[in-house]
Amino acid sequence: MALEEPRQQTARPQCPAGHTSDHQVGAELGYWLLDLAVPYLHTSTHFLSQFTLVPGFSFSTESHLPLLVQGGQLPISSPLSSLDFGAQLFRDTTLGCIPRAAFNPSFSLLRIRIVNFILHNTVTPDLEKLHDLIKKNVFEAAFPLHEKEEVREFLKEKWARWRDIFCQQPIEKIRCYFGEKVALYFAWLGWYTYLLGFAAAVGLVVFVAGITVFNSSQVSKEICEANDTIMCPLCDQKCPFWLLADTCTYARVTHMIDNEGTVVFAMFMAIWATVFLELWKRQRAQVVTNWKLYGWDEDEEELAMELINNLQHEPRRYRHSYMRSTIVLLLVLLMIVVLIGIAHALVIYRVVATALFTQSDSEFFREQANLVAVMTGAVLHYITIVVMTKINRRVALFLCDLEKPRTFSQRENNFTIKIFIFQFLTNFSSLIYIAFFLGRINGHPGNYVRIAGKWRLEECHPSGCITDLFIQMAIIMMLKQTISNVVEYLVPWLAHKMRKRQKRPKEKHLVLGEEEEAEDPCKKQWLSNYQLNEVNIFSLFDEFLEMVIQYSFTTIFVAAFPLAPLLAFFNNLFEIRLDAIKMMRLRRRMVPRKANDIGIWVQVLEAIGILAVIGNGLVIAITSDFIPVQVYKYTYSPCMKENNTAVDCLTGYINHSLSVFHIEHFEPDTNLGIETIDLVKNGTTLCRYRDYRNDEDYSYTVQFWHVFAARLAFLILFEHVALCVKLIAAWYVPDVPLSVKNHLLDEKHNNLRKELSMMEYSTEV
């Protein structure tokens with residue numbers, strides 16, 4: 001409908017010193033609402049669509065909006081702009097002056113929370129809420145304003161700038177402007193980054209130590225000197241035999257990663273994860289105690305909001321439906337099956353790509369077929385992560401709606417668990433395959449396991465599969481920390497620039513003249529806030545999820561990628577300022593929310609800590625060559641047989657770890673190619689492959705069972721020792737500092753003393 005010309009605004013009164021008009025009533029409202037003993041009445045007043053400027057709200061039809069009325073003390077008409085929301089509604093009533101209360105940032109945050117709650121929970125006569133009206137384009141948006149106040153200017157100049165990347169964060173001021181929930185996120189992220197610096201330093205030392213043995217490893221030397229060791233073809237069609245010495249560089253890189261230092265670093269990271277969480281719990285206890293929020297109850301606050309909105313409100317009762325829970329569980333399992341299917345598709349891509357590259361006309365692709373397949377598979381995995389992140393979010397939200405949680409906090413917790421499970425499988429399914437299945441389920445020459453009876457599964461390099469895992473993790477982490485961060489900054493920046501350049505609709509020009517807009521600084525501020533990018537209740541959740549997934553990469557498979565903590569450390573230095581810039585300069589202001597912890601994320605981080613112990617134990621026991629090398633060194637090496645200390649104990653390990661295959665036993669449909677046929681004519685009858693099998697019936701040898709038993713024993717020992725150390729560390733470092741415990745004890749003591757004094761006084765009276 002066309003909008004009419006605006007009506008004449010009522011002039012604002014000039015109030016005496018120490019007073020304010022109701023256009024500035026926000027601070028006073030916060031002051032009054034602090035005392036919840038005073039009842040608040042919630043009413044509804046009719047507004048017509050042709051009322052003035054609406055930068056935060058955009059009216060297109062008649063609507064009903066709530067007003068707060070408080071026992072005759074608060075003026076009957078109160079523009080919502082005074083409550084920090086981007087809309088101003090005018091009525092033809094005389095504006096009065098009321099006493100001004102002293103400004104307190106917590107009052108401002110409180111009033112924003114209350115007004116936001118009322119706006120989103122008020123029901124129109126048509127039983128519609130604000131989000132329903134926004135869907136119908138009755139309103140465009142509802143958001144609190146970025147105010148030109150001292151705290152905001154300080155945060156813009158001293159926090160939300162790249163030049164402050166190494167400076168400490170002003171957590172208290174972040175809390176005063178964005179609320180406790182955002183402040184706790186940045187406090188946690190800063191603490192995580194600080195302790196990550198120690199893990200990054202240790203990981204760098206381990207990696208540098210691995211570089212020092214780049215040329216000195218006996219196993220690498222044997223591979224580089226194996227000029228007469230002929231290996232079996234990597235595919236079935238026209239793939240040649242190849243010399244083990246051709247993979248000299250690959251073997252050196254493998255043993256640069258796979259060494260004794262890796263085992264020590266994996267144990268260190270298991271302890272680090274526990275110490276980090278315990279120290280964060282102590283840090284959090286100190287912070288929330290200073291904020292007087294240690295015993296704060298989120299459910300109680302939500303009930304208080306409901307009562308402020310409606311004194312007749314009845315709380316939603318706890319309910320549980322086994323039918324609904326069963327449906328949700330089945331749908332979650334179905335989604336997990338889909339994600340596992342996507343992982344299988346990535347495996348199929350690697351298998352098919354390897355087969356195609358080995359038959360390529362390019363000599364480079366033929367020689368480096370496995371490496372190229374691994375790298376392109378990692379890039380494809382990253383693209384899958386980007387796409388599935390959006391799908392996972394929609395599925396998790398749908399499942400949460402299906403569950404019908406009682407409160408917002410319960411809905412947030414349910415959503416967190418589901419999206420983390422989906423994202424974890426999306427990010428780690430391919431890594432799990434490479435770490436624990438690659439080269440172990442592929443069969444052997446003459447009896448390969450095949451996909452669709454055609455393409456055979458991949459094999460590990462004779463020096464192990466850990467380099468494949470290293471490459472996969474390095475590519476995914478670097479892509480996530482470069483491309484994703486660039487997109488995370490550029491997309492909102494470009495969107496903000498485009499919104500600023502877009503011309504406003506003609507209706508708004510009719511509602512507000514250009515001259516009036518240029519003259520009124522308040523309306524300029526509203527418009528500039530409206531042009532910022534939208535935020536929603538999950539904006540902060542996205543930042544948490546990104547960091548928790550990174551934490552998973554940093555801890556779970558760190559035995560294969562010691563540089564993960566270092567990459568995460570540098571990423572987080574930029575991430576803190578990137579998030580600050582987005583919140584202060586590119587996005588609308590979030591609705592401040594109270595919190596005394598990071599919520600269910602603590603339990604998620606604890607679960608990741610346990611998975612890190614299991615994952616690193618499995619990587620060392622199964623993926624790494626650490627156990628087979630140790631078994632050979634202490635069981636089959638020359639040092640054990642001849643007691644000769646002059647010989648390196650790992651001499652002969654490569655020959656010991658390779659099995660023999662007779663060429664005549666190849667499957668009938670195997671096409672060996674012209675070069676291979678020439679080798680056979682020249683008397684070559686054998687080729688080697690990585691496994692512990694007999695050369696007659698290809699059954700497992702005794703060495704295989706020795707290695708298998710050693711792997712299992714190490715896994716059990718490593719995980720039990722690591723878990724015991726974690727439990728001891730958790731016990732040794734208390735969650736709550738003694739100063740906080742004593743402070744809470746004094747508070748309880750003083751409160752009881754006051755109650756007893758009041759009881760004695762009432763008895764005497």
Side-chain angles (χ1 to χ4, degrees), residues 213-256 258 354 358 363-371 439 442 444-446 448 456 458-465 467 625 628-629 631-633 636-639 641-642 644 646-667 670-698 701 703-704 707:
V213 299
F214 187 80
N215 294 316
S216 61
S217 169
Q218 175 63 28
V219 177
S220 299
K221 284 182 180 179
E222 290 192 359
I223 292 178
C224 294
E225 295 171 358
N227 294 312
D228 56 351
T229 302
I230 300 175
M231 304 297 294
C232 296
L234 296 175
C235 69
D236 297 326
Q237 303 299 320
K238 299 181 181 181
C239 280
F241 290 100
W242 52 283
L243 296 178
L244 183 59
D246 294 341
T247 59
C248 176
T249 303
Y250 192 94
R252 287 177 174 175
V253 172
T254 297
H255 291 95
M256 180 182 70
D258 190 2
T354 302
T358 52
E363 183 179 354
F364 172 79
F365 285 118
R366 286 200 306 270
E367 294 179 352
Q368 306 295 333
N370 185 62
L371 181 62
N442 60 307
H444 60 85
Y448 283 114
R456 77 188 203 198
E458 303 167 272
E459 300 178 44
C460 283
H461 186 269
S463 58
C465 287
T467 302
D625 247 18
V629 166
V631 170
Y632 177 80
K633 183 177 180 179
Y636 303 101
S637 70
C639 296
K641 291 181 178 179
E642 303 172 5
N644 188 355
V647 180
D648 191 302
C649 292
L650 294 181
T651 302
Y653 169 74
I654 289 298
N655 185 64
H656 177 81
S657 63
L658 296 177
S659 298
V660 175
F661 179 74
H662 298 278
I663 294 177
E664 64 267 19
H665 294 162
F666 271 121
E667 294 159 301
T670 302
N671 185 356
L672 297 178
I674 298 175
E675 296 178 2
T676 304
I677 294 173
D678 292 339
L679 283 173
V680 174
K681 289 180 179 179
N682 292 332
T684 302
T685 60
L686 304 174
C687 64
R688 310 295 295 273
Y689 63 99
R690 176 187 169 90
D691 210 338
Y692 295 96
R693 291 181 182 271
N694 293 309
D695 59 355
E696 296 178 357
D697 58 357
Y698 304 112
T701 62
Q703 290 90 332
F704 171 83
V707 172

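None of these values were measured; they are calculated from a predicted model.
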### Task
Quick one: do Thr701 and Phe704 satisfy side chain to side chain contact (heavy atoms under 4.5 Å, CB included)? Show the steps, please.
CA-CA 5 Å; Thr701 62; Phe704 171 83; 4.2 Å; yes
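- Note that OG of Ser659 is 8.5 Å distant from OH of Tyr692, once rounded to the nearest 0.5 Å.
- Smallest separation of non-hydrogen atoms from Pro638 and Cys649: CD-O, 3.9 Å.
- Of the listed residues (Tyr448, Tyr689, Phe661), just one forms a ring pair (Phe, Tyr, Trp, His ring centres under 6.0 Å) with Tyr698, and that residue is Phe661.
- To the nearest 0.5 Å, atom CG of residue Leu650 and atom OG of residue Ser637 are 7.5 Å apart.
- Considering every non-hydrogen atom in both Tyr653 and Pro628, the closest pair reads OH-CB, 3.4 Å.
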### Task
Could you walk me through whether His662 and Thr685 pass side chain to side chain contact (heavy atoms under 4.5 Å, CB included), step by step?
CA-CA 6 Å; His662 298 278; Thr685 60; 5.6 Å; no
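- Between atom CG of residue Leu244 and atom SG of residue Cys687 there is a gap of 12.5 Å, rounded to the nearest 0.5 Å.
- Interatomic distance, OG of Ser217 versus CD1 of Ile223, reported as 8.0 Å (0.5 Å rounding).
- For Tyr636, the ring-ring contact (aromatic ring centres under 6.0 Å, His included) partners are His656, His706, not counting sequence neighbours.
- For Glu667, the salt bridge (charged side-chain N to carboxylate O under 4.0 Å, His left out) partners at least two apart in sequence or on another chain are Arg450.
- Results of the side chain to side chain contact (heavy atoms under 4.5 Å, CB included) test with Ile654 over Glu222, Gln218, Glu225 single out Glu222 as the only residue that passes.
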#### Entry: Residues Leu243, Ile230; criterion side chain to side chain contact (heavy atoms under 4.5 Å, CB included); working and verdict
CA-CA 5 Å; Leu243 296 178; Ile230 300 175; 4.1 Å; yes
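- The side chain to side chain donor-acceptor pair (under 3.5 Å) search around Thr247 returns His461, not counting sequence neighbours.
- Residues passing the side chain to side chain donor-acceptor pair (under 3.5 Å) test with Asp246: none are found, sequence neighbours excluded.
- Legend: residues meeting salt bridge (charged side-chain N to carboxylate O under 4.0 Å, His left out) with Arg252, ordered by chain and number and at least two apart, are absent.
- Distance check, rounded to the nearest 0.5 Å: SG of Cys248 to CG of Asn227 gives 9.5 Å.
- Residues Pro233 and Phe666 share a closest heavy-atom pair of CD-CZ, 3.7 Å.
- Scanning for salt bridge (charged side-chain N to carboxylate O under 4.0 Å, His left out) contacts around Arg690 gives Asp625, with sequence neighbours left out.
- For Glu696, the CD atom counts as loosely surrounded, since its 6.0 Å shell holds 12 or fewer non-hydrogen atoms of other residues, nucleotides or ligands.
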### Task
Determine, stepwise, if the pair Val660 / Arg688 fulfils side chain to side chain contact (heavy atoms under 4.5 Å, CB included).
CA-CA 5 Å; Val660 175; Arg688 310 295 295 273; 3.6 Å; yes
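- With rounding to the nearest 0.5 angstrom, the SG atom of Cys232 is 7.5 Å from the CD1 atom of Ile663.
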